[in-house]
Amino acid sequence: MLIAIDNKQNRRFRTIMSKGLTTRAEDYSRWYTDVIMAAQLADYSPVKGCMVIRPNGYALWEKMQAALDKMFKDTGHVNAYFPLFIPESFMKKEAEHVEGFAPECAVVTHGGGKKLEEPLFIRPTSETIIWSMYKKWIQSHRDLPILINQWANVVRWEMRTRLFLRTTEFLWQEGHTAHATAEEAEEETIKMMNVYAKFAQDFMAIPVIRGIKTEQEKFAGAVRTYCIEAMMQDKRALQAGTSHNLGQNFAKAFDVTFQDENGDLKLVYATSWGVSTRLIGAIIMTHSDDKGLVLPPKLAPVQVVIIPIWKGDDQKDAVLQKVEEMTIQWNGRFAFKVDDREGYRPGWKYNEWEQRGVPLRIEIGPKDVENNQVMMARRDNGEKTAVPMANLSMTVERTLETIQNDLFKKALAYRDENLIEIDSYDEFKEKINDPGGFFWAHWCGQNACEDRLQEETKATIRCIPIDDSKRVEEGTCMLCGEPSHERVIMAKAY
RNA sequence: CGGGGCGUAGCGCAGUCCGGUUAGCGCGCCUGCCUUGGGAGCAGGAGGCCCCCAGUUCAAAUCUGGGCGCCCCGACCA
């Protein structure tokens, strides 16, 4: 007992308060929280299950938003904003949707000191209110397609929450589109899944598997749900984005029809798609290490931090002068910060910026000024090299690109190492816990086997892959032995 | 909702079993000096409804009863 307490005490003592964080090996989930706290990305709020996104975290989100928003605009979408409150009756119009969301909704019953005639749901997602409006806006095929996105907060009353990964309130974007044909809606659904995959790989440097959700895992109210799945460092899966083909379900529920070229009245086809601040959790768990956060350069709010080093005022002036000259052409090229705070020693600053995930650090002291060079340290692999002052901007730019690419390669290699084919259920039951990972396995397509899988192993079918991870081949269901025509991805998920 | 852990300074904790000085320790914070190439040092200082309520007692952080909250692990979920 005493020993246990001592250990705990020592560990905490040794961690945030003094030097390093809890390591991944020690306690992965505590490490995750420590990284967030040390990088000051977020903090717990007074309200259970909610979090405050601090400036460092919000700056990251803004970078993500900017990149995604551009991708949405480039694919023809426009932004709009729909209200937070949804009439209860709306929520109840689509049967599966109600069933899926009712248990996790927050409901406002009072306003202005009086009981409301009709309770207002706080949106867990906006399909219903949006389709109530689309009904007003759509009459003719000429009104289609509608390609609207909104950046918003939503509330889902989760039983168990974790910073960024699952909080009661979270920020996201939700695209809601309306189309004349099923083909067009399907095309849109896949297109947006691909946008997400591209964003994940090119910006977040996270490799993802694109796939289709099983009937049980799909969105409540969708005909078909596409997703991107990423592997975290603990080898668990994280659903990083979803894109739903809603078919005519919401058009039916809200009676949204249009007249086609022939004057026939037809139901509209719908899609919806979203990614959330959960992606910040994905970035943390994919790239960060025991020293703290590691950010991909393309999304890092501060890409380069410059640490001037000096002894005495003369040196200080000379070094800062050099820094000034050096960075004068950097404005608008990359995001940098000069940390010339007094009273903190260089080593202290190195650690602080490492915890915050800044991709590149440049140290410049009297010796460097003399030699017309700087020291450059990469956050991702710790490499520290002397770099000539000449063409420094170019070197920095290239190094940032290299880091971005290396992060992706490293994550991809890790993912692939831990993505294995498996045929024996007994073997699976062992390996899902140790070493863990993503497993390609045959599945017959029946709910019963899927349920059994989850009950017995806590793993779920993450998706039926449709990209390079697709494995079409004849086989037998790992669980029941019935015929299967392709493999699915099974893993434990967040 | 079940299981576990915990509420004492900004953070991490000791003290609680066995009631009794002015409630401590580390880190952080403030002031000054000195320093600055991987989390320096010295000196001084500020900071506490000991989660809340009730009870027992001459006396409660400590005992009793009740409540609240948080974290972790499970069942549900992006």
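Below, read A as the first sequence line, B as the second, and so on, with proteins coming before strands; counting in each chain starts at 1. No hydrogens, no waters, no symmetry mates; every other heavy atom, side chains included, goes into these values.
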**Student:** Whom does B:rG24 pair with, Watson-Crick or G-U wobble, provided both distances fall under 3.5 Å?
**Tutor:** B:rC13
**Student:** Looking at the base of B:rG38, is there any donor atom on it, or on the side chain of A:Lys384, that sits under 3.5 Å from an acceptor on the other one?
**Tutor:** yes
**Student:** Which residues in residues 453-461 of chain A have a heavy atom closer than 4.0 Å to any atom of RNA chain B?
**Tutor:** A:Gln454, A:Lys458
**Student:** Determine which nucleotide pairs with B:rC18, using a 3.5 Å limit on both distances of a Watson-Crick or G-U wobble pair.
**Tutor:** none
**Student:** Which listed nucleotide (B:rU35, B:rG37, B:rA75) is nearest to the side chain of A:Met159?
**Tutor:** B:rA75
**Student:** Would you measure the distance from the C1' atom in B:rC11 across to the matching atom in B:rG28 and give it in whole Å?
**Tutor:** 7 Å
**Student:** Which atoms form the tightest heavy-atom contact between A:Gly175 and A:Asn149, and what is the distance?
**Tutor:** N-OD1, 3.6 Å
**Student:** A:Tyr44 has a side chain; which of B:rC71, B:rG74, B:rG37 sits nearest to it?
**Tutor:** B:rC71
**Student:** Determine which nucleotide pairs with B:rA75, using a 3.5 Å limit on both distances of a Watson-Crick or G-U wobble pair.
**Tutor:** none
**Student:** Suppose you measure atom P in B:rC27 against the same atom in B:rG19; what distance do you get, rounded to whole Å?
**Tutor:** 33 Å
**Student:** Mind listing the closest non-hydrogen atom pair of A:Ile53 and A:Phe164 along with its distance?
**Tutor:** CG1-CE2, 4.4 Å
**Student:** Starting at atom CZ of A:Arg356, determine the distance to atom P of B:rG39, rounded to an integer number of angstrom.
**Tutor:** 19 Å
**Student:** When only distance counts, do a donor and an acceptor, one from the side chain of A:Glu354 and one from the base of B:rG38, lie under 3.5 Å apart?
**Tutor:** yes
**Student:** Quick check on RNA chain B: between A:Thr167 and A:Arg162, whose nearest nucleotide comes earlier from the 5' end?
**Tutor:** A:Arg162
**Student:** Using atom C1' of each nucleotide, how far apart are B:rG20 and B:rA75 to the nearest Å?
**Tutor:** 49 Å
**Student:** Nearest whole Å is fine: how far is B:rG37 C1' from A:Asp340 CG?
**Tutor:** 17 Å
**Student:** Who does B:rU56 pair with, Watson-Crick or G-U, both distances under 3.5 Å?
**Tutor:** none
**Student:** Looking at residues 223-237 of chain A, who's got a heavy atom less than 4.0 Å off RNA chain B?
**Tutor:** none
**Student:** Check whether the side chain of A:Arg361 and the base of B:rG38 form a donor-acceptor pair under 3.5 Å.
**Tutor:** yes
**Student:** In whole Å, measure the gap between the C1' atoms of B:rA9 and B:rG15 for me.
**Tutor:** 15 Å
**Student:** Is the phosphate of B:rC76, meaning OP1 or OP2, less than 4.0 Å from a side-chain N or O of A:Arg160?
**Tutor:** no
**Student:** Can you measure A:Arg341 atom CZ to B:rC29 atom P for me and round it to whole angstrom units?
**Tutor:** 10 Å
**Student:** Can you pull out every salt bridge (Lys or Arg N to Asp or Glu O under 4.0 Å) where at least one residue sits in residues 309-321 of chain A? Sequence neighbours excluded, please.
**Tutor:** A:Lys316-A:Glu342
**Student:** Please find out if less than 6.0 Å separates the ring center of A:Trp273 from that of A:His77.
**Tutor:** yes
**Student:** For the ring pair A:Phe250 and A:His97, is the centre-to-centre distance below 6.0 Å?
**Tutor:** yes
**Student:** Pick the C1' atom in B:rU62 and in B:rU57, then give their distance to the nearest Å.
**Tutor:** 13 Å
**Student:** Tell which nucleotide pairs with B:rU31, taking only Watson-Crick or G-U wobble pairs whose two distances are both under 3.5 angstrom.
**Tutor:** B:rA43
**Student:** What does A:Leu165 touch in the nucleic acid at a heavy-atom separation under 4.0 angstrom: a base, only the sugar-phosphate, or nothing?
**Tutor:** base
**Student:** Could you tell me if the ring centre of A:Trp151 sits under 6.0 Å from that of A:Trp61?
**Tutor:** yes
**Student:** Are A:Phe199 and A:Leu279 close enough that some pair of their side-chain heavy atoms sits under 4.5 Å apart?
**Tutor:** yes
**Student:** Measure CE/A:Met37 against P/B:rG12 and give the value in whole Å, please.
**Tutor:** 9 Å
**Student:** Tell me the interatomic distance from A:Glu99, atom CD, to B:rC76, atom C1', rounded to whole angstroms.
**Tutor:** 13 Å
**Student:** Would you say that more than 12 heavy atoms from the other residues, nucleotides or ligands in this model lie under 6.0 Å from the CD of A:Glu99, or not?
**Tutor:** no
**Student:** Taking only the P atom of each, what is the distance from B:rG48 to B:rG41 in whole angstrom?
**Tutor:** 27 Å
**Student:** Check every strand shown and say whether A:Pro366 touches a base, only sugar-phosphate, or nothing at a heavy-atom separation below 4.0 Å.
**Tutor:** base
**Student:** Can you check the A:Lys492 NZ to B:rA75 C1' distance for me, whole Å?
**Tutor:** 14 Å
**Student:** Distance check: side-chain N/O of A:Arg345 vs OP1/OP2 of B:rA40, anything under 4.0 Å?
**Tutor:** yes
**Student:** When we call it a touch if two heavy atoms are under 4.0 Å apart, what does A:Gln315 touch: a base, just sugar-phosphate, or nothing?
**Tutor:** nothing
**Student:** Could you say whether A:Phe164 or A:Tyr350 is positioned toward the 5' end of RNA chain B, judged by the nucleotide with the nearest heavy atom to each?
**Tutor:** A:Tyr350
**Student:** Short question: side chain of A:Glu169, backbone of A:Val155 - any donor-acceptor pair under 3.5 Å?
**Tutor:** no
**Student:** What's the closest nucleotide to the side chain of A:Glu352 if the choices are B:rC29, B:rU35, B:rG39?
**Tutor:** B:rG39
**Student:** Would you mind reading off the distance between A:Asp451 atom CG and B:rC76 atom P, rounded to a whole angstrom?
**Tutor:** 10 Å
**Student:** Distance between the C1' atoms of B:rG7 and B:rU16, in whole angstroms?
**Tutor:** 13 Å
**Student:** In this structure, are over 12 heavy atoms from other groups packed under 6.0 Å from A:Lys63 atom NZ?
**Tutor:** yes
**Student:** Using the C1' atom on both, measure B:rG26 against B:rA14 and round to a whole Å.
**Tutor:** 11 Å
**Student:** Figure out the CH2/C1' separation between A:Trp31 and B:rC71, and round it to whole Å.
**Tutor:** 19 Å
**Student:** Only one of A:Lys384, A:Arg379, A:Arg361 clears salt bridge (Lys or Arg N to Asp or Glu O under 4.0 Å) with A:Glu354; which?
**Tutor:** A:Arg361
**Student:** Base, sugar-phosphate alone, or nothing: which one does A:Ser29 contact when heavy atoms must sit under 4.0 Å apart?
**Tutor:** sugar-phosphate
**Student:** Do A:Phe219 and A:Phe101 have ring centroids that are under 6.0 Å from one another?
**Tutor:** yes
